[in-house]
Amino acid sequence: MSVPDYMQCAEDHQTVLVLVQPVGIVPEDQFFKIYKRIAGVSQVSIRDSQRLLYIRYRHHYLPENNEWGDFQTHRKVKEVYSSTLYDSRLLVFGLQGEIAEQQRTDVAFYHSFEDCPDVERRVEDFVESIFIVLESKRLDRATDKSGDKIPLLCVPFEKKDFVGLDTDSRHYKKRCQGRMRKHVGDLCLQAGMLQDALVHYHMAVELLRGINDFLWLGAALEGLCSASVIFHYPEGTAGKTAGRKPNISQPADAGKRHRPGAQEVLIDPGALTANGISADTSTEIGRAKNCLSSEDIIEKYKEAISYYGKYKNAGVIELEACVKAVRVLAIQKRAREASEFLQNAVYINLGQLSEEEKIQRYSILSELYELIGFRRKSAFFKRVAAMQCVAPTIPEPGWRACYKLLLETLPGYSLSLDPKDFSKGTHRGWAAVQVRLLHELVYASRRMGNPGLSVRHLSFLLQTMLDFLSDQEKKEVTQSLENYTSKCPGGMEVITLPDGLKLPPVPFTKLPIVRSVKLLNLPVSLRPHKVKGLLGQNMSTASPFIYSPIIMHNRGEERCKKIDFQWVQGAVCEVQLMVYNPMPYELRVENMSLLTSGVEFESLPAALSLPAESGLYPVTLVGVPRTAGNITVNGYRTSVFGVTSECMLEALAGVKTSGCLVEVIPSLPRLQLGTSIPRSAHTPQPLSKEELSSTVSIQLFNGETQQMTISLENIGSEDIETLELTSKTLSTKEKVFGEFLSWNLDEALSHLPLKPGQALTLTVTITVKLDFSGQENLLQDLNDDGISVTGLPISSPLRQVLKSRSENKPVGSEPGKSEYSHVKTLEAVLNFKYSGGAGKVEGYYRELSLGVHVDVEPSVFFTRVSTLPATSTRQCHLLLDIFNPTEHELTVNAKNNQDLVLHASECQRMAIQVDKFDFESLPQPKEETVPYTNPKQLEEHRQHAQGCQINSKLGICWNIISFCSGCI
């Protein structure tokens, strides 16, 4: 016997083997359809008896295996083979006419394969007839009525060894008795007489042990083990799928009247003779000692297998005994002992096996190791079976079978084809073995002609095993992946295999590695602002209570994700990712874009190239929301090595994010600003560069006025319906007199609404008037003529304490030039507030800020102011010492006076005849009408009014002859 039955189990010793074969031309599908119905009748309750007969069906059986039927009767086919034939039945389908109408017990006629309702009943009748023959055989073997010698039962390879032996010797007779006793035990076991079988097996063991008939002694021990297993484990040892169940034809109380292992007394009273074959066994019946304990079963299996091992031709019997013992140990949960049996089975030599037989052997070993919980060992033999499918000696290698078996090895090596299982913490399993197995899957799928499958497995290898690959291995894997994707690009679709297994997509979350995700606010000039009066309109709560745990919980979850700024429909929005390239060479990422949900979003792809082991590298992804609402950034899409990946943020480990949900408000217009004054990179303090759309810078002399033309163009898609302009002078140490920035907005507003693409212009006047004096406390000391002159706006940061006239420098002398060459700075911001479109309806607007930076150079300084009496008591002479700190020649004039020419760095005195000032006649501000909170502010207001009156009376102007002029 050369072909083992790896599905053998201990309870099969109790079954009767029936062969079912087609006769003539029978379609294969129809044959197996009928075969399945026949095989459903696996156990039958015998009428007029409490016994069950168990049937095992085969549709193919080698004749050489049948020759071992005397050694173990469950190997005998009770059909077809004439030497062991008990009975037979013929099922005829599709035959018409007189022959089909004949009534025969051994033939059943049916009109078609579908019209055969009583096949099962016919099979049950057939099984009952087999039982009758089996029972007669048992009685015949157990009874020697003629007194003749007992025949010697032999296995096929023993027949030539027994030629010429002395049949009258005592040793020979004991051999015949022991073997026959064992054979009768087999028949009793098949006939449902479990306790009788145990008694006969015990007797056979004693007889055969005494004459060292090791092969049959092993068989007797195995029979004893099988009967004991049936007694202890009536549900069977073949597993859940092969568990024994009462047949539908069995009476309702049959299970109570008889169950496998029930003790029975069914010994033929006439079977007692003096020849030693049928000794009285009644004293043994019912005693538990005939049945082996759970531990003894395994010991006897070991002993039987050791005896089988003495015979080269009994390899199949030895292997099957190992398999049966393993199944018993699996039920007993004795995995380590079971592994010893399996290890022995591995080294059993069965001679020259075909490649198919080798595959079957390794596959069964794998299943048995899986049965006892040795998952890695199971995977090892499954992989060996897979490699055997494509052995060089096979003319047509079975790559599909190889691939299928390799997939089945994955759990044993703690390997899953779902990348999500590798993002849950510590890596499980041996990485080197897993990498090898994945490479084999890639190669097998390529030989199957499925490049898409190769791409998926290579992608999985690169994603999950990246940390365990050397630099050279990383390079080789990526090169292979690029070669495969050039023919079949990788994607995010689920691949379904023919057997129904689904391979999930493999996103490249490590190529590159993303460390943080941050949604960026719009530039300051594009950010939406809510009209203050409408801020509270949308704020509502569904609960009237101040505190509600449920509401607070929900809001807390929202706060964890929602951003506190808004995006605008139609505006380009940005998300910044900090990425890292773990590869030892430059990584090219193509078509990197955002994955969003909520509103319609147009993602603009980007391409980047990351240096080798780049460290954290900022990448900005942009897109345009096309509708209003809430938008969630779920992840990003990349294309690396020809594989398109969709990486979800929730699946990324260790990613820092400040939130992924942001509100998109309806669209707003967009204004672009242009100026006649050149722009500057200077940023007014304390503002940041981000707060201003642009800044202009200009240099003016103190007292000079400059016109700035601003062009406003609508570059958006919505009409500009409202426009407001305000200015703010930033904090400065200098006191500005008059309006620094002034404009008239009426002309610009007349062009509203401003359509997309249209523009308007606006003129802003820049006037710089700072202090023109160069001394300290001048106003308090001007009492030369006894007349106090106060309110003249000539205070300055360059003040010095006024000394007596004799201590001052002579008139016409040149002061230190550095004292008057200091350039002062004025800064202000123009704010354009505008709105329109759907955003205006929702109460939103935009602001555009223009920074104005003016460097003020000194023009003229009044170094001394004094008065002299005039001829009229109503007038006086105002004496001004004027210094020209510039490098240019300039003229100074006042009302009704000639021009005074001053060369560079020259100081001269100018006399102006003026009417005396009556400040008491000026209207005094009332505290209730002027919004000042303290006397100091009230005094400053009074002095400012007086200064304005003096300036209007004097009308002093200067003019640099070469290019500009100004007023004081």
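Nothing here was measured: the structure is a model prediction, and the numbers come from that model.
A distance of 9.5 Å separates OG in Ser742 from CD1 in Ile766, rounded to the nearest 0.5 Å. Here CG of Leu900 is found 9.5 Å from CD1 of Ile912. Values are rounded to the nearest 0.5 Å. Atom OG of Ser516 is separated from atom CE of Met578 by 5.5 Å, given to the nearest 0.5 angstrom. With values rounded to the nearest 0.5 angstrom, Arg670 atom CZ is found 10.5 Å from Ser717 atom OG. With rounding to the nearest 0.5 Å, the separation of CD in Gln707 from CD1 in Ile677 is 9.5 Å. One distance of note links CG of Asn630 with CD1 of Ile563; it measures 11.5 Å at 0.5 Å rounding.
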Working for side chain to side chain contact (heavy atoms under 4.5 Å, CB included), residues Leu880 and Ile956: CA-CA 11 Å; Leu880 302 175; Ile956 302 174; 3.6 Å; yes
Test log, rule side chain to side chain contact (heavy atoms under 4.5 Å, CB included), inputs Ile710 and Val764: CA-CA 7 Å; Ile710 300 176; Val764 175; 3.8 Å; yes
Kindly indicate, with the supporting measurements, whether the criterion side chain to side chain contact (heavy atoms under 4.5 Å, CB included) is fulfilled by Leu526 and Arg846. CA-CA 6 Å; Leu526 298 180; Arg846 275 177 169 159; 4.1 Å; yes
Candidate pair Phe740 and Ser727, rule side chain to side chain contact (heavy atoms under 4.5 Å, CB included), full reasoning: CA-CA 10 Å; Phe740 177 34; Ser727 68; over 6 Å; no
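The aromatic rings of His888 and Phe701 lie perpendicular to each other, with more than 60° between the two planes, well past the 30° mark.
Residues Cys907 and Leu902 share a closest heavy-atom pair of C-CD2, 4.5 Å. Residue Ser835 comes nearest to Tyr844 through the heavy atom pair OG-O, 2.6 Å, listed as atom of the first residue, atom of the second, then distance. For the residue pair His751 and Leu760, the shortest heavy atom distance occurs at CB-CD2, 4.1 Å. The nearest pair of heavy atoms linking Val854 to Val768 is CG1-CG1, 3.8 Å. Taking each heavy atom of Leu723 and Leu749 in turn, the nearest pair found is O-CD2, 3.4 Å. Closest heavy-atom contact between Ser859 and Thr886: O-CG2, 3.6 Å.
Inter-residue side-chain proximity for Thr765 and Trp743 is flagged as unmet; no heavy-atom pair is nearer than 4.5 Å. With a 4.5 Å cut-off on side-chain heavy atoms, Leu850 and Thr695 do not count as touching. Within the 4.5 Å cutoff, the side chain of Leu745 has heavy atoms near those of the Leu762 side chain. Under the 4.5 Å side-chain criterion, counting only non-hydrogen atoms from C-beta, Thr726 is not in contact with Glu724. Considering only heavy atoms from C-beta on, Pro858 comes within 4.5 Å of Pro885 through its side chain. Side-chain contact between Leu826 and Leu770 is present, with at least one heavy-atom pair separated by less than 4.5 Å. In this structure, Leu730 and Val829 have side chains that are in contact, with non-hydrogen atoms separated by less than 4.5 Å. For the pair Glu827/Val852, no side-chain contact is recorded, criterion being any heavy-atom separation below 4.5 Å from C-beta on.
Side-chain atoms of Glu574 and Gln576 form no donor-acceptor pair, as typed in the model, at a separation below 3.5 Å. Remark: the Ser849 side chain and the Asn831 side chain contain an N/O donor-acceptor pair separated by less than 3.5 Å. A donor atom on one side chain and an acceptor atom on the other are found under 3.5 Å apart for Glu718 and Ser667.
A distance-only check finds no donor-acceptor pair linking the side chain of Trp958 to the backbone of Glu704 [under 3.5 Å]. Not a single donor-acceptor pair under 3.5 Å links the side chain of Glu842 to the backbone N or O of Gly839. Of the possible donor and acceptor atoms, none in the side chain of Asn884 sits under 3.5 Å from a partner among the backbone N and O of Glu906. The backbone N or O of Glu721 sits nowhere less than 3.5 Å from a side-chain atom of Asp719 that would complete a donor-acceptor pair. Here the side chain of Asn714 pairs a donor or acceptor atom with the backbone of Leu754 at under 3.5 angstrom. No side-chain donor-acceptor contact under 3.5 Å links Arg679 to the backbone of Val696. Looking only at distances, no side-chain donor or acceptor of Glu663 sits under 3.5 Å from a matching main-chain atom of Gln566. Within the 3.5 Å criterion, the main-chain N or O of Pro605 finds no donor-acceptor partner in the side chain of Ser593.
Both tests do not hold together for Lys840 against Tyr845: distance to the six-membered ring centre under 6.0 Å, angle to the ring axis within 45°.
In this structure, Tyr617 places its OH atom where only 12 or fewer heavy-atom neighbours from other residues, nucleotides or ligands lie under 6.0 Å away. The 12-atom threshold is not exceeded at CD of Glu739, counting heavy atoms of other residues, nucleotides or ligands nearer than 6.0 Å.
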